[in-house]
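Right, one structure below, let's go through it.
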Amino acid sequence: MDTIFSRGPSLTSRLVLASVLSVLLIILDGKLDTFSNVRVYLNSLVSPLQYMANLPGEVLSQSARALTTQRQLLEDNAQLTRQNILMSEQLQRFSVLEQENERLRTLLGSPVRPDVRKIVAELMAVDNNPYSHQIVINKGTLQGVYEGQPVLDDKGIVGQVMQVGTTTSRVLLIADVTHAVPVRVLRNNVRLVASGSGQLNRLVINHVPHSTDIEPGDVLVSSGLGQVFPEGYPVGRIVDVIRDETRPFAVIRAVPAAQLDRLKYLLLLWPHDAPQGPVEQGEVVDAPQS
């Protein structure tokens with residue numbers, strides 16, 4: 001049975017006719033530019049379809065760029081955070097080193113006589129006995145440390161060595177109740193004895209008559225008596241003078257010149273006539289001047 005599609009010219013005839021028309025249209029368009037306006041209208045008509053076709057790809061590209069940028073920002077932020085932590089830690093160490101360097105400069109620049117050998121020691125431990133004020137330093141017989149040796153910080157006298165080991169020594173602080181330092185008042189050379197009170201921030205001056213010329217603010221320095229501490233080093237400052245006639249002696253209190261509650265670096269002194277032991281390589285030492 002015949003269908004509607006079997007009627008009319010054959011397929012070959014249709015193909016030839018279409019080819020001829022196409023060639024003719026091409027020639028006419030090339031010579032006369034007949035279909036330029038038609039192409040413009042067709043392009044305008046098709047443009048929205050092209051945009052719609054490109055839209056999914058564009059959205060995916062924008063999303064990929066946004067995700068990449070966000071991931072990069074997160075990575076950069078994490079890296080900057082790590083760098084900030086590292087720099088903060090280095091800054092803290094540099095700050096501590098700067099403070100310690102300043103303390104060492106101050107300590108080595110303290111008014112020590114040029115004929116006195118000195119060596120820097122470092123605090124290792126503090127005695128936890130509440131009734132005794134002693135510390136341990138990192139110098140011993142290998143460095144020539146001896147019992148009774150005077151110990152200073154950058155402010156004044158700290159105490160004296162009481163026990164010596166090979167590489168460490170124990171120092172008795174001037175605030176200990178068993179310690180006493182012969183002193184003189186810098187203003188008028190009145191000679192006294194400053195004893196420990198058992199408190200790091202307090203010294204006591206015992207057996208001083210009421211008539212003694214001593215006032216708050218007077219500076220106490222070592223007198224050189226007793227052959228332990230060299231003469232002329234700061235010991236403390238008078239803060240209280242109580243003259244109560246009902247008592248046989250005045251009550252006099254002083255504060256140590258040394259910062260006994262915050263010791264870190266210390267100076268060990270040798271008198272010019274004392275035997276000097278070997279010195280470790282790298283130690284800071286001022287040799288006696290001839």
- Message: On a heavy-atom basis, which atom in Ala125 and which in Leu123 lie closest, and how many Å separate them?
- Response: O-CD1, 3.5 Å
- Message: Quick check: closest heavy atoms across Pro209 and Ala250, and the distance to 0.1 Å?
- Response: O-CB, 4.4 Å
- How far does CG of Leu267 sit from CG of Asp154, to the nearest 0.5 angstrom? 8.5 Å
- Query: So Ile174 and Ile157, side-chain contact (heavy atoms from CB on, under 4.5 Å) or not? Walk me through it.
  - Reply: CA-CA 8 Å; Ile174 60 173; Ile157 292 177; 4.0 Å; yes
- Please walk me through it: do Lys139 and Glu122 pass salt bridge (charged side-chain N to carboxylate O under 4.0 Å, His left out)? CA-CA 8 Å; Lys139 294 292 182 287; Glu122 188 172 354; over 6 Å; no
- Message: Ignoring hydrogens and geometry beyond distance, is a side-chain donor-acceptor pair present between Gln134 and Ser132 at under 3.5 Å?
- Response: yes
- How long is the span from the CG atom in Asp261 to the CG atom in Asn201, to the nearest 0.5 Å? 7.5 Å
- Query: In Å, rounded to the nearest 0.5 Å, how long is the span from CD of Gln149 to CG of Leu268?
  - Reply: 5.0 Å
- Just wondering, do Val181 and Leu203 contact through their side chains at under 4.5 Å, heavy atoms? no
- salt bridge (charged side-chain N to carboxylate O under 4.0 Å, His left out) pairs, two or more places apart, involving residues 172-181: none
- Message: Please give me the minimum heavy-atom distance between Leu173 and His179, naming the atom from each residue.
- Response: O-CB, 3.6 Å
- Item | Summary of side chain to side chain donor-acceptor pair (under 3.5 Å) pairs that have at least one residue in residues 205-220, sequence neighbours excluded | Arg187-Asp213, Arg187-Asp218, Asn188-Asp213
- Item | Pairwise distance CD(Gln160) to CG(Leu172) - rounded to 0.5 angstrom | 6.5 Å
- Atom CG in Leu266, atom CG in Leu152: separation rounded to 0.5 Å? 9.0 Å
- Query: Side chains of Ile119 and Gln143: does their closest heavy-atom pair fall under 4.5 Å?
  - Reply: yes
- So does Asp153 pair up with Lys264, basic N to acidic O under 4.0 Å? no
- Which pairs pass salt bridge (charged side-chain N to carboxylate O under 4.0 Å, His left out) with one or both residues in residues 190-207, sequence neighbours excluded? none
- Message: Using side-chain heavy atoms (C-beta onward) and a distance below 4.5 Å, is Arg243 in contact with Ile214?
- Response: yes
- Query: Does Val185 reach the side chain of Val219, with side-chain heavy atoms less than 4.5 Å apart?
  - Reply: no
